[in-house]
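Everything below concerns the one structure shown next.
In this text the structure is predicted, and so the values were computed from the model without any measurement. Starting from 1, each residue takes its place in the sequence as its number.
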Amino acid sequence: MTETILIIDFGSQVTQLIARRVREAGVYSEIVPFNLAEDAFETLNPKAVILSGGPASVTHQDTPRAPEAIFKAGIPILGICYGQQTMVAQLGGSVESSDHQEFGRADIELLDESPLFEGLTEAYGTTDGITHTLRVWMSHGDRVNKLPDGFKIIARSEGAPYAAIADETRRFYAVQFHPEVVHTECGATIIQNFVHNIAGCTSDWSMAAFRENEIAKIRKQVGSARVICGLSGGVDSSVAAILLHEAIGDQLNCIFVDHGLLRLNEAEEVVKLFNDHYNIPLVHVNARDLFLGELEGVSDPEEKRKTIGRLFIDVFEHEANKLGGADFLAQGTLYPDVIESVSFTGGPSVTIKSHHNVGGLPERMNMSLVEPLRELFKDEVRKLGRELGLPEPFIARHPFPGPGLAIRIPGEITEEKLNILRKADAVYLDEIRKAGLYDEIWQAFAVLLPVRSVGVMGDARTYDYVLGLRAVTSTDGMTADYYPFDHEFLGRASTRIINEVRGVNRVVYDITSKPPGTIEWE
């Protein structure tokens, strides 16, 4: 049986990154909200537990706590930020609200040898009387001020005297900083040390193992029932469809909806992929008029997403009836979709934006959801796609949202705007490929702004749209930095777009990171 690390979620926006780091160590992990953790702990029988961060304060009454059973089970536990604070409070120590808060980068001193920091003390610890520091990422207002019995300090910072603590007899460890984020030096190594050195897990989880396990889960869930998979044109839904076909064969029918919001020539590329490479039944529905008609006059981004989601469901229902009915609808929902859309049941996490493929189905459809990729990050989906044999050019494509160009046109959507954006986006991506930069960038796209500006073209006055260019680097889409194009590239792309795309006379480049911005504009 696959070894499991249970991650108890207290509402942190980066809890999913803990799961990612554990998986990078080759160990399977599952996240559960704190209010369901006790039952999950009994069911999963994990090798170890990680307590996530969260926005609550341990100093207040009725804030989340970890199940008492985990502290009595004799297994290793790692507390992170809020997880450290609730561990300390529940085991007899104390936590206080601090005047010295820490948000962002901080330096900690490694004070003692510890299996949690194995491999780091030589580079960052104390040698020959010289103290070295480790750069970490903090996000806390409270801090520990008294340790429970059996604990010692193994690292400290200016704002957190108990930056890392350990009870090595019971194998309880806790850190005030966030090792799961990329801003913490050697953070992945710290989590790997916990998983391997302390919990004793072996690296028995991989995409090959996920593929095998997920196929078994799909077969168990679906049985002999029929499944409809909704294709959006992106990598996620395509990988989900191919995995489902491997699991249930002819019980699967795919429906590809051309909602009129796709990139240039995208519909043809998707149909060609499924017809040329896979013998999967595919229904191609041209619903362009339906979607654009319903979106006419709609400007609010949430209303756009919900309208598109509703229409997708309507089309699937109609096509399912034509095919003779189906018991399940399959979707390519991913972990980041879930965390940005839904606060875990009873949890304190905050909804950022809704996703059209998260949130369930209308009761009238009498269908259940199959979401085989719900536990994966985008880069893991690509690994699974390679495992399933998808063509590399398709796997390496940048992410594309289900609502398509609708959320890249702030304000009302029109056919004119869509045509302008398609052409401009194609020119932009062509320049990126010609520069050999496509694979260095996580996601690049153009945004047609709801702004017109005055320009001069051919000695004549113009009053045309402003186009925004966006390109970011990331590993999982949870955080991102803008790509640092040189000015020569930006000038070349801008010139081509203005010369080749009628309706645009000004181009700007978005240099916002995530956070504070999201990758998409809406």
Side-chain angles (χ1 to χ4, degrees), residues 2 16 19-20 23 26 28-30 204-257 269-284 312 316 319-320 323 326-338 355-358 361 367-402 476-477:
T2 301
Q16 312 299 333
R20 175 182 170 76
R23 292 175 187 178
Y28 181 67
S29 61
E30 284 199 21
D204 66 349
W205 190 80
S206 63
M207 272 305 121
F210 177 87
R211 173 186 182 179
E212 182 179 337
N213 291 338
E214 198 60 36
I215 285 172
K217 285 170 62 177
I218 292 168
R219 288 171 177 166
K220 181 178 180 181
Q221 180 185 5
V222 170
S224 59
R226 295 180 63 82
V227 180
I228 287 179
C229 180
L231 294 179
S232 66
V235 175
D236 306 334
S237 60
S238 298
V239 170
I242 292 160
L243 182 65
L244 283 157
H245 188 253
E246 185 167 317
I248 59 174
D250 292 341
Q251 294 169 238
L252 173 70
N253 282 281
C254 291
I255 300 174
F256 173 52
V257 179
E269 291 173 5
V270 172
V271 172
K272 187 174 186 295
L273 172 72
F274 275 77
N275 287 342
D276 290 357
H277 292 274
Y278 300 97
N279 186 27
I280 302 176
L282 175 66
V283 177
H284 179 197
F312 263 113
F316 293 148
E319 295 298 327
L323 291 168
D327 299 288
F328 292 91
L329 173 64
Q331 297 185 146
T333 307
L334 305 189
Y335 246 169
D337 298 339
V338 175
H355 285 257
H356 78 284
N357 57 344
V358 178
L361 299 169
M367 294 172 71
S368 300
L369 281 176
V370 182
E371 298 175 308
L373 310 182
R374 191 179 177 91
E375 306 299 322
L376 298 183
F377 293 96
K378 173 67 76 171
D379 62 313
E380 292 177 319
V381 173
R382 289 196 173 106
K383 290 178 183 176
L384 180 59
R386 292 184 180 97
E387 180 73 24
L388 292 166
L390 265 77
E392 186 61 31
F394 189 84
I395 293 173
R397 293 172 73 197
H398 291 177
F400 187 66
D476 44 46

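No side-chain heavy atom of Tyr28 sits less than 4.5 Å from a side-chain heavy atom of Asn213. Arg386 is not listed as a side-chain neighbour of Met207, based on a closest heavy-atom distance of 4.5 Å or more. Between Arg382 and Pro399 there is a side-chain heavy-atom pair separated by less than 4.5 Å. The shortest side-chain heavy-atom distance between Asp379 and Arg20 falls under the 4.5 Å cut-off. The shortest side-chain heavy-atom distance between Val222 and Leu244 does not fall under the 4.5 Å cut-off.
The minimum heavy-atom distance linking Asp236 with Gly332 is given by the pair CB-O, 3.5 Å. Residues Leu373 and Leu243 share a closest heavy-atom pair of CD2-CD2, 4.5 Å. The minimum heavy-atom distance linking Ile228 with Ala326 is given by the pair CG1-CB, 3.8 Å. Listed here is the closest heavy atom pair of Arg226 and Asp250: NH1-O, 4.4 Å. The shortest heavy-atom contact between Ile218 and Pro372 is CD1-CB, 4.0 Å. The minimum heavy-atom distance linking Phe274 with Ser238 is given by the pair CE1-OG, 3.9 Å.
Under a 4.0 Å N-O distance rule, the pair Lys217/Glu214 qualifies as a salt bridge.
Atoms CG and NZ, from Leu334 and Lys378 in turn, are 5.5 Å apart once rounded to the nearest 0.5 Å. In this structure, the separation between OG on Ser206 and CD on Glu212 is 9.0 Å, given to the nearest 0.5 Å. Separation of atoms CZ (Arg211) and CD1 (Ile242) is listed at 10.5 Å; rounding is to 0.5 Å. How far CD of Glu375 is from CZ of Arg23: 6.0 Å, rounded to the nearest 0.5 Å.
Here the rule is side chain to side chain contact (heavy atoms under 4.5 Å, CB included) with His245, and of Val227, Leu388, Leu252 only Leu252 fits it.
Of the possible donor and acceptor atoms, one in the side chain of Gln221 sits under 3.5 Å from a partner among the backbone N and O of Leu369. A donor-acceptor pair under 3.5 Å is formed between the side chain of Gln251 and the backbone N or O of Gly223.
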inquiry  = Is there a side-chain contact (heavy atoms from CB on, under 4.5 Å) between Val381 and Val235? Walk through the geometry before answering.
reply    = CA-CA 8 Å; Val381 173; Val235 175; 4.3 Å; yes

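In this structure, Trp205 and Phe210 have perpendicular ring planes: the angle between them is above 60°, well past the 30° mark.
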